[in-house]
Every structure is written in C-alpha cells, then in structure tokens.
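Scroll down for the structure; my scribbles are underneath it.
The chains referred to below are lettered A, B, ... by the order of the sequence lines, with proteins before strands, and numbering in each begins at 1.
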Protein chains: 2
Amino acid sequence: MTQSTAVEPAFDRLLQVAVEVFAECGFREATVREICSRANVNVASVNYYFRSKEALYAQALAFAFREANRLYPLDAILDKGLPAEQRLTMFIGNFLHKLLDDSHLGLHSKLIAREIADPTKALDEIIETAIVPQFVLLVEIIQQILGASAEKLVVQRCLLSIFGQCLMFKHSRSIIDRLYPELIADESAIQASAEHIAQFSLAALARFAQQ
Amino acid sequence: MTQSTAVEPAFDRLLQVAVEVFAECGFREATVREICSRANVNVASVNYYFRSKEALYAQALAFAFREANRLYPLDAILDKGLPAEQRLTMFIGNFLHKLLDDSHLGLHSKLIAREIADPTKALDEIIETAIVPQFVLLVEIIQQILGASAEKLVVQRCLLSIFGQCLMFKHSRSIIDRLYPELIADESAIQASAEHIAQFSLAALARFAQQ
DNA sequence: GCTTGTATTAAACAGTTGTTTAAAATAATT
DNA sequence: AATTATTTTAAACAACTGTTTAATACAAGC
C-alpha cells in the first residue's frame, strides 16, 4: 500500500481520471503527467498499463460510452407502442440532459463532443457505436411522424435540424453561458429548453407532414 | 530579395498563413515553426513582427473577420423594407454558405468555430464583434415574425434553434461528411439544405406566432 | 561612401512533451 | 523461506515547444 488514497487499483483510477482530463483539455492538450498526477501514480504507469497515451484515450472513450448508456438509458424511448410525438419529446429531453450534465460522471458528452469537433483517429469507432444508433432511432421516429411517403433526404435534413438544436447547447455552450445563461441556469430551465426544441420541431414536422 | 516567392511583404504573408494554420490546427496545436515554414520566413519573425504567438492569433482572428464581412456582406438582409420571412431565408442562406465555404479565403469560419468550441482568451472579443451583431439581427427578424407580444425567452430559444440548425453543419461536419455527404456535396446541395432550414424554421415560427 | 534604422538569419535557450530504462519494492507461487 | 512474477519508482531520453540573442544583410538618408 504505497498510496493512502488507493482504494481502487491504479488501472481503474487512471481510466477515470483520463476521462476527466481528456474531457477538460482534449486529447492533444491533455498531458500524461497531469493524468498521472491526479491519479496519484507514476508517469510511467500510462505506458505500463496502457500501451501509450493514444491507447489510453481510446479506452477512456469506450469507458465513457459505457457510463453514458448506464446513466441515460434509452429504454422508454425504444418503446414503439408510444406515440411518435411523445417519443420525440422524450428523446430530446434525454439527449439535452445528457449533453448538459456537468456532474462528475457526465463528462462523457464533453469527451464525445470534443472528438466530433476535433476528430482524432478514434472518431470512426465513436460514430459507429454512439452516433449511428441514435441516428437510427431518430430516423425511425421522424419517418413515423412524416409518413411513409417522406423523401429520404427530407428525413435526413429534419434529423440534422433536431440534432443541431440540441447540440447547439453543447458546442456553443461558451456563447450561451455569456449571452443567455438563464436558459440553462438549472434543471427546470434545461427542461424548458428541451420542451421548446420539441415543440419547435414538432410544429415544423407537422407542417412537413401535410405536404 | 532573399525569397523568390516574396511578392508580398513578410508581415502580410505571415498573417495569411497564420489564418490557414490556426484554422487547420487550432491555437494550441498550431506551431510557430509550421507557420513560419509555410510563409518562408525565419522562426524569429513571429516574435519580431507580432509580439508573440498569442498576439499573432489575435491579429489573425481580426483579419479573418474583415475577410468574412468582405466576402459575405449582410447588406440585403439589413433592409427592413423586405418581408421578415424573406430576410430570414436570406440570412440562413448567407450564414450556411459562410460556414461551408472551403475556399482559400473561407477559413475564417473554421477559425471562429474553433474558438467557440474551444475558447481561448480571444473569445470575448469575438463574441462582441462577430456573434452579437448577428444575434441582434436575427432577434429583430424573429420578433417581427412572432409579433410584439412574444416573450423574450421564447425569442431567445427560437434564435438558438435556428443557429443550432446552421451550426450543425459546421460543428458536426465530420459526421455529416461520413453519414450524409450528399447534403453538402455541391453548391446546389448546400442551397437546398439552407432552404430546408428556412422552411423548417418558418413552419415552427408560424405555429408559435399563432399562440 | 558612410551612417543609421530596419529586416533577416542561425543558433541557442529553457521548458515541456510522450516514452523508455533499469533498479527497487511488493505480491504471488512454490 | 526462497523464488518468481508483478508493480512502482526516479531518472533519463530524444523530440518538440515559444522565445531570445547577437551577428549579419540590407535599405534609405545625408
């Protein structure tokens, strides 16, 4: 027992701290020394347990995904028995809370958003395991609302319209913090913002469905 | 004449190359040596002409803004005589083309988007000179559509809904490139995407205006 | 032609980066 | 208890970072 705080094995501490630091700084700006320092392990540990900084990053991403699915399960939204409008509202609420969760375990979205905005080699796997399933789910919901006759391109553009509204709160967080902080001040404000996006999108989709 | 390619003075070349490299790599990842190498000047030139790497970045940002306003003037959109719906459509078209312009002079939006996603000290000035004026313009248009009785918070959320749809194409470009490349394949595809966003938003706003 | 101020250069600086090494400490196995 | 395997350590590595220096080249003004 070299470390008094070492209740968890070094490997696990390293992985958790890595998610934190990579989320804060991004892959390139994060340093192995900072990660090791926070995890109370020697600098050489990263290369001992994980082969390299890059391999640690890949494992940290995978770990963050597992946590995201554990904390924000999509179960209810997958229920095809519910009305599509309700499922869309639930989806947006779930997604926005996921994006704006600043708790110690909510760093995964920051990590993922970083990877999207500034891709590394790990992006392709992320798209496959995290993005595509969400896209597939939302495409299904949109198609249900627009009807079977909806063009594929229209469905895709509506998908981007909805995701774009949500992601605005993550990617442009720095602007919202400065100009409209009251929109994400607390839990109820976030909920209200989610409901706005749902209403805005449902209104637009309803018009598209008429045509 | 030490450099055969030195048709422009070193100062100007340095500034133009800086926009390129900072847009490609971001402030932190971009290196002074890379910038100097591409500009065919000595490593010491950055500190000679500009005080530091950070000062060069600030000047590169300012330069990028001047170029953006020169290439994509908002003149027509400022005309309050036009119908608000038409102005909104024009605004979105202008904004999306600005965001997706990949030409040699269109790097400014990449630079700005980078700064938003991963702010440096320079962000506050950017918000003041580039973001706020666009927000003010769009707020005015939205208010005109929703009517004078519209709540301030609703206007703000609609603003974010519209900006979010546009910025999706910039911030999540890496995903669109992989999953829906046909949406931004060429000029006409971009125009069609812009028109979709306009229709989507106008449909939603019309519903909001009824209430 | 000489002097003055500007521009450019190669070299070095001090600091940080990811990674490796080889020795020491600890744990597990026999 | 002795041997083996695993973990942890401090130190060094080579490569790279932004910045500084001091010497040189060049231009304009007198």
Inset, instruction - Nearest whole angstrom, please: distance from the P of C:dG18 to the CZ of A:F50. - result: 15 Å
Inset, instruction - Specify the angle, to 10°, made by the local axes at the two ends of the helix from C:dG1-D:dC30 to C:dA23-D:dT8 when five pairs are taken at each end. - result: 20°
Legend entry - D:dT7 phosphate, OP1 or OP2, under 4.0 Å from A:Y49 side-chain N/O: no
Legend entry - Atom-to-atom span, CZ of A:F11 to P of D:dT8 - whole angstrom: 12 Å
Inset, instruction - Decide, yes or no, whether a salt bridge links A:K152 with B:E182 under the criterion of side-chain N to carboxylate O below 4.0 Å. - result: no
Legend entry - Any B:Y57 side-chain heavy atom under 4.5 Å of B:L111 side chain: yes
Inset, instruction - Compute whether any side-chain donor of one residue and acceptor of the other, for B:E195 and B:Q191, lie under 3.5 angstrom apart. - result: yes
Legend entry - Within 6.0 angstrom of A:E125 CD, more than 12 heavy atoms from elsewhere: no
Inset, instruction - Please determine if a side-chain N or O atom of A:Y48 lies less than 4.0 Å away from the OP1 or OP2 oxygen of D:dT8. - result: no
Inset, instruction - Classify the angle between the aromatic ring planes of B:F200 and A:F200 as parallel (below 30°), tilted (30 to 60°) or perpendicular (above 60°). - result: tilted
Legend entry - salt_bridge(B:R114, B:E29) N-O dist < 4.0 Å: no
Inset, instruction - Taking the six-membered ring of A:F27 (Phe, Tyr or Trp), confirm whether the NZ or CZ of A:K53 is under 6.0 Å from its centre and within 45° of its axis. - result: yes
Inset, instruction - Could you encode protein contacts along nucleotides 16-21 of chain D as a string, one character per nucleotide from 5' to 3', using B for base contact, S for sugar-phosphate-only contact and - for no contact, with a heavy-atom cut-off of under 4.0 Å? - result: -BBBBB
Inset, instruction - Report yes if the distance between the aromatic ring centroids of A:H171 and B:F163 is under 6.0 Å, otherwise no. - result: no
